[in-house]
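These notes are about the structure you will find just below.
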Amino acid sequence: MVDIRSQYLRLKPEIDAGISTVIESTAFIKGPAVKAFREELAAYLNVPFVIPCANGTDALQVALMALNLQPGDEVITTNFTFISTVEVLVLLRLKPVLVDVDPQTFNIDPDKIQEAITPKTKAIIPVHLFGQPADMDRIGEIAAAHNLYIIEDNAQSLGSRFTSSNGSSVMAGTIGNIGTTSFFPTKPLACYGDGGALITSDPHLAETMEMIINHGAKVKYYHDIIGVNSRLDTIQAAILRVNLKNLDDYIARRRKAADYYNNRLSPNSHIRIPEVFEKGIHIYHQYTLLINPDLRDSVQIKLKEQGIPSMVYYPVPLSMQKAFAFAGYREGDFPITEKLCKSVLSLPIHTEMDEEQLDLICTKLLNILNHE
Ligand SMILES: *Cc1c(COP(=O)(O)O)cnc(C)c1O
């Protein structure tokens, strides 16, 4: 699905030099590369504060802790995403309120957010899924009208942009009170292990989050609040500095691969190519097709038999996960998410794809579909 090795080999001298510098300095924790990376990422995103942390799940947890939400407070989020959001909400004794998604973009549906608001609602967590932003204009209006916080889960769309109806174009993840992201090896901006970050323009939240990731301390061994230990390794920061310099090139490469797929696959009547949200820039973290649910699994098996990987992101709605059964959701509560889970199929997409690979994948896929 991805080719991290070829990407590494292309940038090997610079990455190896960055890693060696850290090892020689032995500044493994809070070394100079962490400071440099956070400043460079803040400049790239055009925000005052980036707080690196250990992973994207921690980033969500720290964001919620910083907003000082209380047990029982309700947080609205999407049913069609990775488990992290619901996991940290439950750990913090907050109540996840899931809502259905837009069938075109797969992102949280603002109308459904509106319907889910109660007097206990305190925050909304839109997830910018698969590489394009949720409708932050509509979500912003709803949040303002009901005095809610917004945490953008931007693990899959760092480098994507959102153009609001007033014409301004801003980086995804910088619009809500807090943005969170992950540097897991397959994410748009990646390291060679785990990593994550918090993004904000609010100096007070920045200070609080910085304390929370440092065991609640501003001064070592003086703990003012309950925190966690969540740091970005210096070695990972050194790798991230190289990848950040190349992020716009990575995005251009992914968009080029997506263009190729779109041209070859759009005429086929068995599939729907990804729809682009008009207010966003799609960076194609995933290239996700919709296929008739009756065909999807057999197409995936046949692709596999012919050596073509594909993935189903995501096979089960959060509402139907065993770990979340206590919430009492039932089959049928989220018709769009449930249908997507049976229809989506993601094809390989990464920064190192050439036309030969793309041609092979398209030829085999079209061949399979034409025999259905
Ligand atoms: C990957 C991901 C996360 C979690 O990031 P980790 O670094 O793996 O903890 C959270 N939310 C979304 C949408 C993700 O894709």
Side-chain angles (χ1 to χ4, degrees), residues 1-2 4 37 41 50-65 75-92 96 98-99 101-102 105-108 123-134 136 139 150-160 172-173 175-176 178-199 209 213 228-233 236-237 239-240 243 254 280 282-288 311-319 321 323-324 337 340-341 344 346 349-350:
M1 293 297 287
V2 295
I4 299 165
F37 169 67
L41 182 58
V50 165
I51 296 130
C53 64
N55 58 66
T57 308
D58 274 9
L60 284 163
Q61 178 175 336
V62 170
L64 289 161
M65 289 169 77
V75 178
I76 298 174
T77 192
T78 166
N79 193 10
F80 190 55
T81 182
F82 186 59
I83 189 73
S84 292
T85 322
V86 164
E87 210 170 45
V88 296
L89 289 170
V90 174
L91 283 172
L92 294 173
L98 300 177
V99 300
V101 295
D102 175 278
T105 63
F106 314 151
N107 272 322
I108 193 164
I124 308 170
I125 309 185
V127 177
H128 303 318
L129 202 73
F130 297 163
Q132 64 181 345
M136 295 307 294
I139 295 168
I150 299 176
I151 300 172
E152 297 171 74
D153 181 344
N154 199 29
Q156 301 190 4
S157 301
L158 199 87
S160 174
I175 306 159
I178 302 171
T180 66
T181 198
S182 163
F183 306 126
F184 185 84
T186 58
K187 305 279 161 140
L189 176 61
C191 60
Y192 292 174
D194 278 309
L198 293 135
I199 300 156
M209 296 191 296
I213 63 156
V228 296
N229 171 21
S230 187
R231 292 182 289 244
L232 179 70
D233 277 23
Q236 299 303 344
I239 295 161
L240 282 161
N243 278 334
R254 284 173 178 276
H282 205 323
I283 66 164
Y284 294 100
H285 171 58
Q286 301 298 347
Y287 185 87
T288 304
M311 289 290 284
V312 173
Y313 305 114
Y314 297 91
V316 182
L318 295 182
S319 55
Q321 295 286 354
F324 197 46
T337 300
L340 288 176
C341 290
V344 287
S346 299
I349 192 160
H350 53 79

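One-based numbering, in listed order, for ligands and for the atoms of each. Quick note: numbers below take in every heavy atom, side chains included, and nothing from hydrogens, waters or symmetry partners.
Listed by number with element, the atoms of ligand 1 under 4.0 Å from a non-hydrogen atom of N55 are 7 (O), 9 (O). Close approach of ligand 1 to V127 is summarised as follows: ligand atoms under 4.0 Å from at least one heavy atom of the residue are 13 (C). Close contacts of ligand 1 with S84, meaning ligand atoms under 4.0 Å from a residue heavy atom, involve 3 (C), 4 (C), 10 (C).
When only interatomic distances are considered, the shortest N/O to N/O separation between G56 and ligand 1 falls below 3.5 Å. Residue contacts with ligand 1: D153 is placed with a nitrogen or oxygen under 3.5 Å of a nitrogen or oxygen of the ligand (distance criterion only). For ligand 1, none of its N or O atoms has an N or O atom of T81 under 3.5 Å away. An N or O contact shorter than 3.5 Å links Q156 to ligand 1 by distance.
Comparing heavy-atom distances from atom 15 (O) of ligand 1 across Q61, K187, H128 singles out K187 as nearest.
The backbone N or O of Y192 lies less than 3.5 Å from a partner atom in the side chain of Q236, making a donor-acceptor pair. Under a 3.5 Å cut-off, the side chain of Q156 and the backbone N or O of F130 do form a donor-acceptor pair. The main-chain N or O of I175 is found under 3.5 Å from a side-chain atom of E152 such that the two form a donor-acceptor pair. Here the side chain of N55 pairs no donor or acceptor atom with the backbone of D194 at under 3.5 angstrom.
Ring centers of F37 and F183: under 6.0 Å apart, within the cut-off.
Here the shortest heavy-atom pairing between V101 and T78 reads CG1-OG1, 3.2 Å.
Here T57 has heavy atoms under 4.0 Å from ligand 1 in both its backbone and its side chain.
No option in V88, T57, I213 other than I213 meets the side-chain contact (heavy atoms from CB on, under 4.5 Å) test with V62.
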